[in-house]
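Quick notes on the structure that follows.
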Protein chains: 2
Amino acid sequence: MSLAHAILVSLVECPQSGYDLAKKFDGSVGFFWKATHQQIYRELTKLEELAWLIPQTIAQVGRPDKKLYSLTDLGRENLKIWIAQPCEVSPNKEELLVKIYAGHLVSPKILEKEISRHQQLHQETLAIYQEIERQMHCGSQCLPETLKYTYLTLRIGIKFEIAWIEWCEEAIAAIGEKIDFN
Amino acid sequence: MSLAHAILVSLVECPQSGYDLAKKFDGSVGFFWKATHQQIYRELTKLEELAWLIPQTIAQVGRPDKKLYSLTDLGRENLKIWIAQPCEVSPNKEELLVKIYAGHLVSPKILEKEISRHQQLHQETLAIYQEIERQMHCGSQCLPETLKYTYLTLRIGIKFEIAWIEWCEEAIAAIGEKIDFN
DNA sequence: TAGTACATGTAACAGGTTACATGATTGA
DNA sequence: TCAATCATGTAACCTGTTACATGTACTA
């Protein structure tokens, strides 16, 4: 039941509509939890039934109405309970690595090209993260409590992207030449 | 259709039963693609229907029969085609990070304890990977073609674990003290 | 006038999880 | 005798994906 929790986490900050959440799941929380708008609407309905959320319909000029969802006390309590519970290390699924694992079946050139493309994608993501990081601590003042945690999640995002970029370089070298790692 | 491909990748090396695959998905290919035995059996049935695999029933003494699946030429061709196709960066879902994101809702001590527990889990995984790495290149001879690719996937596994371990340390420090990252 | 952003939804299907079911053998 | 390992499967359910559907308003 973790998409539900990701939605609750997202709504802690401020009330949002399904549409808002769908966009947010393409950034911030979305860096480590993905969901489509269909999933989100389905989940919002469930959470409303549980009374963990309450909707408020907002009329807008020249726009369709929007249903702003906020956490109820019950929802907030349940979220706290969930956060305090220990969790497993999430399994990672990496399509590229499945391909690399049987990489000897295709030409090294195809692999090199694909890895190099991924390296570029990771470099772009890293640039985005670093820009957010730069904006988060202008000067060198301490961050407020809530931002501190957001910042921590950003930090690991950066570390992962750097790991990918370094690996891509290493992999391209290893595939091209008959390199020995030492 | 990626579990199918992960199974094919796994069967490139040697014919295996559903049971063998289920165990394997708990190591090697399983480091970047997880699946339960129920999923695997369901998928094997589909792949047999497509004639990408052929089963061979092996009678055993004192054990139930096993159905060893091998790749057909068709299966191998399709696998090659799939590997050669470009793919997206796989989205990662990290439950711990969803929790950290709203970490201010619970006591810092709970978070520190949980992060420290995760650090230990990652240290254990790292130790396993490093042991495999050690076994893979005894001396400093070059690896054969197929092992080279396995080795590359291991390398990124190691990088990820190191990134996690470093981050856990950083996070614990940041939560405890009023630390400023610079 | 065509495309994008806003805003919410249904339906069908594919993929993943959990529980249950069976039954032999091996080792503590 | 109890648990673990070997070996395969069904059924129900939940989660995630893709396609379709609707309608306004703004901008190029």
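Computed over heavy atoms, backbone and side chain alike; hydrogens, waters and symmetry mates excluded. Not measured: the values here are computed from a predicted model. Letters A, B, ... mirror the listed sequences (proteins, then strands); counts begin at 1.
Annotation: side chain to side chain donor-acceptor pair (under 3.5 Å) contacts involving residues 86-111 of chain B, sequence neighbours excluded, comprise A:Glu13-B:Tyr101.
Atom NE2 of A:His122 and atom CD of A:Glu166 lie 12.5 Å apart (nearest 0.5 Å). Note: A:Ile158 CD1 to A:Glu133 CD = 4.0 Å, rounded to the nearest 0.5 Å.
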I'd like a table of donor-acceptor pairs (distance under 3.5 Å, sequence neighbours excluded) in which one partner is a side-chain atom from residues 65-77 of chain B, with atom names and distances.
from, atom 1, to, atom 2, distance (Å)
B:Thr72, OG1, B:Ala51, O, 2.7
B:Thr72, OG1, B:Trp52, O, 3.1
B:Thr72, OG1, B:Leu74, N, 3.4
B:Thr72, OG1, B:Gly75, N, 3.0

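The interatomic distance linking A:Leu47 (CG) with D:dT15 (P) rounds to 10 Å, in whole Å. Taking atom NE2 of residue B:His5 and atom P of nucleotide C:dA14, one finds them 15 Å apart after rounding to whole Å. Between the P atom of D:dT15 and the CD atom of B:Gln39 lies a distance of 15 Å, rounded to the nearest Å. Following rounding to the nearest Å, A:Trp33 (CH2) and D:dT15 (P) show an atom-to-atom distance of 11 Å. Between A:Glu95 atom CD and C:dG15 atom C1' there is a gap of 14 Å when expressed in whole angstrom units. Between the CD1 atom of A:Ile58 and the C1' atom of C:dT8 there is a distance of 15 Å, given to the nearest Å. Residue A:Leu3 contributes atom CG, which lies 16 Å from atom P of C:dG16 at whole-angstrom precision. Computed from coordinates, the A:Ile40 CD1 to C:dA7 P distance equals 14 Å when rounded to whole Å.
The phosphate of D:dC6 has OP1 or OP2 within less than 4.0 Å of a side-chain N or O from B:Lys23. For C:dG16, the OP1/OP2 oxygens have a side-chain nitrogen or oxygen of A:Lys93 closer than 4.0 Å. Put simply, B:Lys46 has no side-chain N or O that comes within less than 4.0 Å of OP1 or OP2 on C:dA14.
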In B/S/- notation, 5' to 3', how is nucleotides 7-13 of chain D contacted by protein heavy atoms closer than 4.0 Å? BBBB---

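Under the 3.5 Å distance criterion, with hydrogens and angles disregarded, no donor-acceptor pair is assigned to the side chains of A:Gln119 and A:Gln123.
Annotation: side chain of B:Leu21 is in contact with side chain of B:Leu44 (closest heavy-atom distance under 4.5 Å).
In this structure, B:Lys46 does not pair ionically with B:Glu49, as no charged nitrogen and carboxylate oxygen lie closer than 4.0 Å.
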